[in-house]
Amino acid sequence: MRASKIAILVPSYNGGALLAETVASAAAAGLPPDSYEIVVCDNASTDRSADALPARDAQGAAITLCRNAHNLGRVANWNRAIEVAEQMGFGFALFLMVGDLVHGAGLIALRDHMVAAGACLGIASYEIVDEALRPQRVARRILWRGAAGLSARDFLAQSLATGAMLYGPLGANLYWLGGGRGHLRFDPNDESHTDQLATAVFTRVAGGAGGVVTYLDQPISRWRARPGRFHSGMEPRGRLASDLRVMERACQAAGIAIDPPRIRASLLLRAVWLTRGDLRAAWAWSGALVPATPSWSWLFRLLFRQALHKTPWLVKA
């Protein structure tokens with residue numbers, strides 16, 4: 001019954017008025033009411049925000065509220081949401097953090113794209129908005145060239161192995177839950193980039209040897225920039241170190257060699273962005289993490305693609 005439906009998973013703790021806005025966004029975006037349901041996992045909130053949620057949204061799609069007896073922690077609550085979706089028999093799952101919104105009908109297009117490609121992971125672009133929902137920019141994650149789908153192994157070799165963090169954010173990923181080969185689970189002890197690492201592992205396990213990743217160059221969600229989001233309080237050097245740890249662990253698990261010169265160049269570019277143009281700090285920090293000489297040709301290509309295509313990351317399928 002739910003094999004073709006999308007579970008829109010909303011982990012919440014004291015979500016306030018934003019929780020209701022997030023839950024209502026699928027109906028507001030005009031998704032077909034038989035294509036999705038909402039699952040809210042309330043992490044022992046004290047503000048009673050979940051109490052006001054209706055049993056169905058404006059289009060009649062069901063809203064399931066799961067209450068944790070105690071606060072499991074931020075990431076453990078993500079795992080709880082996935083467990084509930086699996087138990088309810090959903091074929092697909094999307095995470096939507098409180099304050100973020102479904103955007104247009106791209107989510108259905110991505111699901112159909114995944115089905116056609118036989119993919120276990122669908123990645124899409126997303127729109128960044130400010131607190132008042134004024135559009136800031138579209139985050140175009142990938143310049144995709146070639147076939148509709150790419151093996152999970154080849155995608156990993158073209159992304160993390162070269163320094164491209166393409167497996168997040170969760171709110172622009174659609175996961176296939178119908179395979180039964182593996183489960184998407186996050187590490188509560190590594191909050192910084194467990195979304196990236198868990199997703200990379202999921203694509204290898206859930207799809208088996210032939211796991212496939214696909215991409216839709218269309219926004220499926222609206223990511224709200226606001227104070228208090230997890231990475232907003234993380235210092236740049238720590239974020240770079242966390243990035244590198246994900247790259248090394250995911251590639252080692254898959255038996256794929258990393259490319260240190262390209263990773264150094266990718267981290268250098270990311271560090272410049274994180275430090276708002278501090279070239280000296282970016283050079284020092286990236287060099288401390290990856291002592292290899294950066295690939296200047298790779299860095300030039302990243303800059304060229306960013307200027308021309310609004311994303312530095314190319315994937316060839």
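Note that this is a predicted model, so its numbers are computed, not measured.
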- S221 side chain to H103 main-chain N or O, any donor-acceptor pair under 3.5 Å? no
- Side-chain (E21) to main-chain (G99) donor-acceptor, under 3.5 angstrom: no
- Between the side chains of D42 and N68, does any donor sit under 3.5 Å from an acceptor? no
- CD/Q136: more than 12 non-hydrogen atoms of other groups inside 6.0 Å: yes
- Hey, would you say the F186 and F95 ring centroids sit under 6.0 Å apart? yes
- Message: Strictly below 4.0 Å, N to O, side chains only: are R2 and E86 in salt-bridge contact?
- Response: no
- Do the side-chain N and O atoms of N14 and R48 include a donor-acceptor pair separated by under 3.5 angstrom? no
- Test: D217 and R140 ion pair at under 4.0 Å: yes
- salt bridge (charged side-chain N to carboxylate O under 4.0 Å, His left out) partner of D243, the single match among R270, R249, R264: R270
- Item | N/O donor-acceptor pair under 3.5 Å between S35 side chain and K5 backbone | no
- Query: Salt bridge between E131 and R224, side-chain N to carboxylate O under 4.0 Å?
  - Reply: no
- Just checking, is any N or O donor in the side chain of Y175 or T199 under 3.5 Å from an acceptor N or O on the other one? yes
- Does the side chain of C41 reach to within under 4.5 Å of the side chain of W78, using non-hydrogen atoms? no
- Query: With a distance cut-off below 6.0 Å to the six-membered ring centre and an angular limit of 45° from the axis, does R305 pair with W298 as a cation-pi contact?
  - Reply: yes
- Message: In this structure, is the centre-to-centre distance between the rings of Y167 and F202 below 6.0 Å?
- Response: no
- Test: D190 and R245 ion pair at under 4.0 Å: yes
- Message: Whether the D57 and Y36 side chains hold a donor-acceptor pair (N or O, under 3.5 Å, no angle test) is what I'd like checked.
- Response: yes
